[in-house]
Each structure stands twice: as C-alpha cells, then as structure tokens.
Novice: 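One structure, pasted below without further comment.
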Amino acid sequence: MPTSATEAAPAAAREPVADDPPLRLAVLVGSVREGRQGRAVADWFTGAAAADTGFELDVIDLADVRLPLVMPGWGGTPSEEAVAALADVSPRLAAADAFVIVTPEYNHSFPAALKNVIDWHHAQWQAKPVGFVSYGGLGGGLRAVEQLRLVFAELHAVTVRDSVSLHGPWSGLGEDGAPRDAAVCAGAAKGMLGQLSWWGRALRTARADRPYAG
C-alpha cells in the first residue's frame with residue numbers, strides 16, 4: 001500500500017558519490033484545469049526536492065504542452081501541431097533518469113491530459129523509476145496513483161513503493177499553496193526521493209551497461 005503523507009518514515013540523507021552525476025528528475029504537472037492546485041503542489045515538491053543535491057530538476061507543466069488528442073495511425077505522420085509540441089517535451093522525457101508525476105484525482109482516476117502525454121511516448125519511459133505526488137479529498141489522489149501504476153507497468157517503467165499524498169483538509173494545501181502538515185509531507189517526500197535515487201542510479205547504470213530491449 002502506498003505511503004501517504006500521514007504514514008511517512010524518515011529516510012537517511014544522501015550525499016552524491018564524486019563520480020556519480022546527479023539524476024535528472026522530470027516533474028510532470030498533470031492537471032491543466034483552470035484554478036488547479038497542481039502547480040502549487042509541484043512548486044512545494046520541487047522546493048523540498050531541491051535540498052537533495054543528488055537531483056537536477058526539470059518541471060514539465062502539461063498546461064504548456066499543446067499535444068492534440070488525435071494521434072496518427074500506425075506508421076503515420078504526426079500533425080504539425082503535434083510535431084511542435086513533441087519537439088519540446090520528448091527530448092526532456094528522454095533525457096530524464098527518473099520521473100515524478102503530480103496528479104489530482106478526477107472521478108477515481110487521473111486527468112486526460114496526463115494520459116495523453118503518456119500515450120504519445122513509449123521508449124522515453126522504459127527502464128526508469130516513477131514516483132507520485134497526489135492530492136485530493138479523503139483519498140488524497142491515491143486511486144489515481146494506483147491506476148497510473150498499471151499504466152507505467154505496461155510501459156516497462158518501475159514505480160517506487162512510497163508516494164506523497166495530500167489529503168484534504170488534514171494535510172491538504174493551505175492558502176499559500178504549501179501542505180498544512182508540512183513536516184509530515186516533507187518526510188514523505190524525502191522517503192520517496194530516497195527510493196527514486198536508489199532505483200534511478202541502479203537503472204541508469206543498467207541501461208548504460210546493457211541497453212533495455214523491451
């Protein structure tokens with residue numbers, strides 16, 4: 001069962017090895033809804049993650065990614081609109097060593113814009129770890145996370161066990177965009193980052209030694 005903000009366990013601090021470059025961590029903001037809280041959640045998380053010198057952060061806000069819903073047929077050519085959007089986002093996903101998905105829960109699932117950007121890509125996700133920061137009401141977005149685990153398993157990605165979930169109103173966001181229970185949420189983020197760090201380095205080494213064939 002995923003670790004929520006209310007179940008976080010502290011993780012030991014990590015110091016990068018001298019000859020081990022930081023992991024490139026892509027943080028995807030999954031909601032594009034007007035009045036969304038997703039960007040505030042992502043800003044809080046990246047602020048917490050920035051204290052870990054083992055990561056280089058790249059925030060990909062899907063509100064800025066204009067990928068169409070219509071995909072070309074197998075072997076077809078994407079539209080000019082799709083090509084322009086992919087030119088920005090695809091290289092950033094490919095360069096990432098690990099991912100964190102920031103998602104709300106819509107009708108017991110995750111946003112369509114997030115599924116769309118996932119489906120436009122394939123090899124970019126393979127043999128890389130994925131963590132989750134979710135937010136919502138009583139469930140804290142955990143049902144969306146459980147469905148995303150199934151999607152990323154199909155894409156040959158590795159989802160880490162612990163996640164960060166913001167449950168309203170207890171550990172949900174305050175008016176300033178920060179979690180109400182900052183200490184517990186920071187502990188949850190630290191624990192998840194520890195798992196991403198281990199898997200990210202292990203899989204980066206494995207991909208370099210033996211490219212993943214799928």
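Residues: numbered from 1 along the sequence shown. Every heavy atom of this structure was used, including side-chain atoms; hydrogens, water molecules and symmetry mates were not.
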Novice: Might you confirm whether atom CZ of Arg33 has over 12 heavy atoms from other residues, nucleotides or ligands at distances under 6.0 Å?
Specialist: no
Novice: Atom CD1 of Ile60 and atom CG of Leu93: how far apart are they, to the nearest 0.5 Å?
Specialist: 4.5 Å
Novice: Under the criterion side-chain contact (heavy atoms from CB on, under 4.5 Å), I'd like the reasoning laid out for Leu196 against Leu23: C-alpha separation, chi angles, the key distance, then a yes or no.
Specialist: CA-CA 9 Å; Leu196 279 172; Leu23 288 173; 5.9 Å; no
Novice: Is it the case that over 12 heavy atoms from other parts of the model lie below 6.0 angstrom from the CG atom of Leu150?
Specialist: yes
Novice: Under 4.5 Å between any side-chain heavy atoms of Val158 and Lys128, yes or no?
Specialist: no
Novice: What I want to find out is whether Arg204 reaches Asp20 closely enough, with some N-O distance under 4.0 Å, to be called a salt bridge.
Specialist: yes
Novice: Return the OG to NE2 distance between Ser134 and His167, rounded to the nearest 0.5 Å.
Specialist: 6.5 Å
Novice: Rounded to the nearest 0.5 Å, how far apart are CG of Leu69 and CH2 of Trp120?
Specialist: 9.5 Å
Novice: Where do Leu193 and Phe55 come nearest, in terms of heavy atoms and distance?
Specialist: O-CZ, 3.5 Å
Novice: From Asn116 CG over to Leu62 CG, what is the distance, rounded to the nearest 0.5 angstrom?
Specialist: 9.0 Å
Novice: Could you tell me whether the side chain of Arg92 and the main chain of Asp58 form a donor-acceptor pair under 3.5 Å?
Specialist: no
Novice: Taking all atoms of both residues into account, what is the closest heavy-atom pair of Cys185 and Val164, and its distance?
Specialist: O-CG1, 4.4 Å
Novice: Using side-chain heavy atoms (C-beta onward) and a distance below 4.5 Å, is Leu155 in contact with Gln124?
Specialist: no
Novice: Tell me, do Phe110 and Pro104 make a side-chain contact under 4.5 Å, heavy atoms counted?
Specialist: no
Novice: Answer whether the closest heavy-atom distance between the side chains of Val32 and Pro111 falls below 4.5 Å.
Specialist: no
Novice: Please round to the nearest 0.5 Å and tell me the distance separating atom CD of Glu146 and atom CD of Glu105.
Specialist: 10.5 Å
Novice: Side chains of Pro78 and Pro72, heavy atoms from C-beta outward: is any pair under 4.5 Å?
Specialist: yes
Novice: According to ring-ring contact (aromatic ring centres under 6.0 Å, His included), who are the partners of Phe99, at least two apart in sequence or on a separate chain?
Specialist: Trp125
Novice: Work out which heavy atom in Met192 is nearest to a heavy atom in Asp162; give both atom names and the distance.
Specialist: CG-O, 3.4 Å
Novice: Please collect all side chain to side chain donor-acceptor pair (under 3.5 Å) contacts where either partner lies in residues 60-73, sequence neighbours excluded, each pair once.
Specialist: Arg36-Asp61, Arg39-Asp61
Novice: Please identify each residue that fulfils side chain to side chain contact (heavy atoms under 4.5 Å, CB included) with Arg24, with sequence neighbours left out.
Specialist: Glu56, Ala95, Asp97
Novice: Near Asn107 CG, under 6.0 Å, is it more than 12 heavy atoms from other residues, nucleotides or ligands?
Specialist: no
Novice: List for me each residue that meets side chain to side chain contact (heavy atoms under 4.5 Å, CB included) alongside Gln37, sequence neighbours excluded, and say none if there are none.
Specialist: Tyr135, Leu173
Novice: Please identify each residue that fulfils side chain to side chain contact (heavy atoms under 4.5 Å, CB included) with Thr159, with sequence neighbours left out.
Specialist: Val130, Phe132, Arg149, Phe152
Novice: Does His156 have any ring-ring contact (aromatic ring centres under 6.0 Å, His included) partners at least two apart in sequence or in another chain, and if so, which?
Specialist: Tyr212
Novice: Whether the Arg201 and Ser197 side chains hold a donor-acceptor pair (N or O, under 3.5 Å, no angle test) is what I'd like checked.
Specialist: yes
Novice: Do His121 and Leu86 have side chains that get closer than 4.5 Å, going by heavy atoms?
Specialist: yes
Novice: Return the OG to CG distance between Ser90 and Leu67, rounded to the nearest 0.5 Å.
Specialist: 7.5 Å
